[in-house]
Trainee: 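Pasting a structure below so you can have a look.
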Amino acid sequence: MKIVIINHSDTLGGASVVSYRLMKALRAMGVDASMLVSHKAGNDPHVHMAGMSLRRKYTFLAEHLRIFTANGFNRDDLFKASIATDGLPLSRHPLVKEADGVIINWVNQGMLSLREIGRIAAAVPTVWTMHDMWNLTGVCHHAGECLAYRAPAGCADCPLMHGRAGKHDLSARTFSRKKDLYASVDIQFVAVSTWLRKLAEKSSLMAGCRVSVIPNAFPIEDFYTSPRMASAPFGLPEDKKLIVMGAARLDDPVKGLPYAIEALNRLRRDDAMVVFFGAVRDPHAFDSLHFPYRHIGPVSEAELLRELYARATVVMSTSLYETLPGTLIEGQAAGCTPVSFDRGGQADIIDSSSAGYLVPAYDTEAFASALDSALDNPLDRTSLHNSVEKKFSATAVAEKYKAYFSKL
């Protein structure tokens, strides 16, 4: 079986990392898997560059010029929208032409146009993995509180377009182009979480589309449940119970940092502290936090991050919405008891009856109570590791994709 995974990059971004991990796992079980990417950072011979450099730059610039013109030349929202008008002619690529199946992952920013996706799907059995909401909306990757994608007429008068063209704006036109594509070819959609599938089922754009759930793959086997280093990394105290919260950018509004601070300020205990990892733009982001904390910034060394998790008691997330939060999976893989708002794919990770705490979104009092319970009665670390290994290991996920293509 020959499978080609098409993704923007092999290592840059979350979708790239899990796509590459999936390719490696498929190859390990005997599948002739390869990747086609616009940006190759590694040196794996099974990852292939798609298109010439000049062509890649042209399609990227052409798409963003269309968005920039349509949104009233607003640079703030330029990269929040994708329209797939321009892309590379990958339906003619030898790897695609010889493939038994194609997995399309994150292919925005000028990599694939909707027209080219239609050509690929018309020739080869195609699975399109949804890593965010873009497949079910007009132009945005996360709709937030906007529900326009559920309306019978679909997206229009999009906030990202700032009132330009109203009901006939770029979001409406892109919504219509996607609807035509989905009606013209047979594409099998895969959502990486049950939450995302439920959103797709509510989208008027994806009415009648088949959407299955297969999660992202994670290197569960790399995490361990007991510390391996002689001393705690980052100079952290040895006598404190650690709560860990991480993100690429902690003060991204989506991550809900103010809610985390409010919940932590409700705790009344001196035997614990919280450790934040990730970047922040606001130097005053933690000014209102009174609970003992340490912000260690971005952690680039995987071994240090794994050691941090292994020494932590709790991993927490206050994201306002999250497709499939990787820090919760990583934390559990190291034996941390998870505490999270129930607003996204967290329910696929945390079994609140036996493997953690899911708290109603925005309820900081309940969140603080859950933190207290998790600190006082942490769950068995080995059981937590095993629970995510069964669902999110690269081997488990690759088996699901292999079985999926066998049926196709």
Side-chain angles (χ1 to χ4, degrees), residues 14-15 18 129-137 141-145 147 149-150 189-203 206 210-218 220 223 243-247 252 254-257 259-260 263 309 314-371 373-374 377-381 383-393 396-397 400:
V18 297
T129 303
M130 303 163 57
H131 292 273
D132 54 37
M133 294 179 66
W134 188 77
N135 292 84
L136 60 98
T137 68
H141 292 269
H142 287 288
E145 302 300 324
L147 301 178
Y149 66 92
R150 300 184 184 185
F189 291 94
V190 166
V192 299
S193 69
T194 304
W195 173 75
L196 188 56
R197 181 183 66 183
K198 289 179 179 179
L199 293 181
E201 291 171 347
K202 295 176 182 178
S203 168
M206 300 195 72
R210 290 177 296 239
V211 184
S212 302
V213 177
I214 302 178
N216 289 330
F218 287 84
I220 306 300
F223 291 87
I243 304 168
V244 174
M245 176 173 169
D252 182 328
V254 171
K255 302 303 177 183
L257 182 59
Y259 292 100
Y309 281 129
V314 175
V315 59
M316 63 178 279
S317 170
T318 50
S319 291
L320 306 186
Y321 50 86
E322 195 92 52
T323 306
L324 193 71
T327 56
L328 290 178
I329 296 172
E330 293 170 350
Q332 281 194 78
C336 299
T337 300
V339 178
S340 174
F341 279 155
D342 188 5
R343 186 80 188 278
Q346 293 92 327
D348 283 8
I349 304 168
I350 302 171
D351 181 353
S352 58
S353 65
S354 61
Y357 298 83
L358 283 174
V359 178
Y362 317 122
D363 189 341
T364 58
E365 184 176 357
F367 201 97
S369 177
L371 287 175
S373 297
N377 302 287
L379 299 171
D380 180 73
R381 301 186 76 93
S383 296
L384 286 166
H385 175 93
N386 293 341
S387 70
V388 291
E389 184 176 43
K390 292 176 182 177
K391 294 186 285 187
F392 303 110
S393 70
V397 172
K400 291 180 180 179

Trainee: State the CG-NE2 distance between L320 and H142, to the nearest 0.5 angstrom.
Mentor: 11.5 Å
Trainee: If I compare all heavy atoms of L324 with all of G345, which pair ends up nearest, and what's the gap?
Mentor: CD1-O, 3.9 Å
Trainee: Between the side chain of T318 and the main-chain N/O of K255, is any donor-acceptor distance below 3.5 Å?
Mentor: yes
Trainee: List in chain and number order the residues that pass side chain to side chain contact (heavy atoms under 4.5 Å, CB included) with A374, two or more places apart in sequence or in another chain; answer none if no residue qualifies.
Mentor: V314, T337, V339, Y357
Trainee: Run the side-chain donor-acceptor check on residues 327-336: report pairs under 3.5 Å with partners two or more places apart or on a different chain.
Mentor:
unit_1: E330; atom_1: OE1; unit_2: Y309; atom_2: OH; d: 3.0
unit_1: Q332; atom_1: NE2; unit_2: I349; atom_2: O; d: 3.4

Trainee: Is there side-chain contact between V397 and P215, with heavy atoms separated by less than 4.5 Å?
Mentor: yes
Trainee: Supply the atom-to-atom distance F367 CZ to M316 CE, rounded to the nearest 0.5 angstrom.
Mentor: 4.0 Å
Trainee: Going from CZ on R197 to CE on M206, what distance comes out if it is rounded to the nearest 0.5 angstrom?
Mentor: 12.0 Å
Trainee: Does Q346 reach the main-chain N or O of P325 with its side chain, forming a donor-acceptor pair under 3.5 Å?
Mentor: no
Trainee: Mind telling me whether Y362 and Y259 have parallel, tilted or perpendicular rings, with 30° and 60° as the class edges?
Mentor: tilted
Trainee: Can you tell me which residue among L199, D348, L196 is in a side chain to side chain contact (heavy atoms under 4.5 Å, CB included) with T323?
Mentor: L196
Trainee: Test your reading of the model: is there a side-chain donor-acceptor pair from S387 to the backbone of L384, 3.5 Å cut-off?
Mentor: yes
Trainee: What residues form a side chain to side chain contact (heavy atoms under 4.5 Å, CB included) with K198, not counting sequence neighbours?
Mentor: T194, E201
Trainee: What heavy-atom pair brings A370 and V359 nearest, and what distance separates the two atoms?
Mentor: CB-CG2, 3.9 Å
Trainee: What pair of heavy atoms forms the shortest contact from A263 to A368, and how long is it?
Mentor: O-CB, 3.4 Å
Trainee: Rounded to the nearest 0.5 Å, what's the gap from CZ on R150 to CG on L136? Could you check?
Mentor: 9.5 Å
Trainee: Please work out which of the three classes, parallel, tilted or perpendicular, describes the rings of F218 and F392, given edges at 30° and 60°.
Mentor: perpendicular
Trainee: Give, for atom CG of N135 and atom OH of Y149, the distance between the pair rounded to the nearest 0.5 Å.
Mentor: 13.0 Å
Trainee: Verify side-chain contact (heavy atoms from CB on, under 4.5 Å) between H131 and V18, making sure each step is shown before the conclusion.
Mentor: CA-CA 10 Å; H131 292 273; V18 297; 3.7 Å; yes
Trainee: Calculate, to the nearest 0.5 Å, the distance between atoms CE and OG belonging to M130 and S193 respectively.
Mentor: 9.0 Å
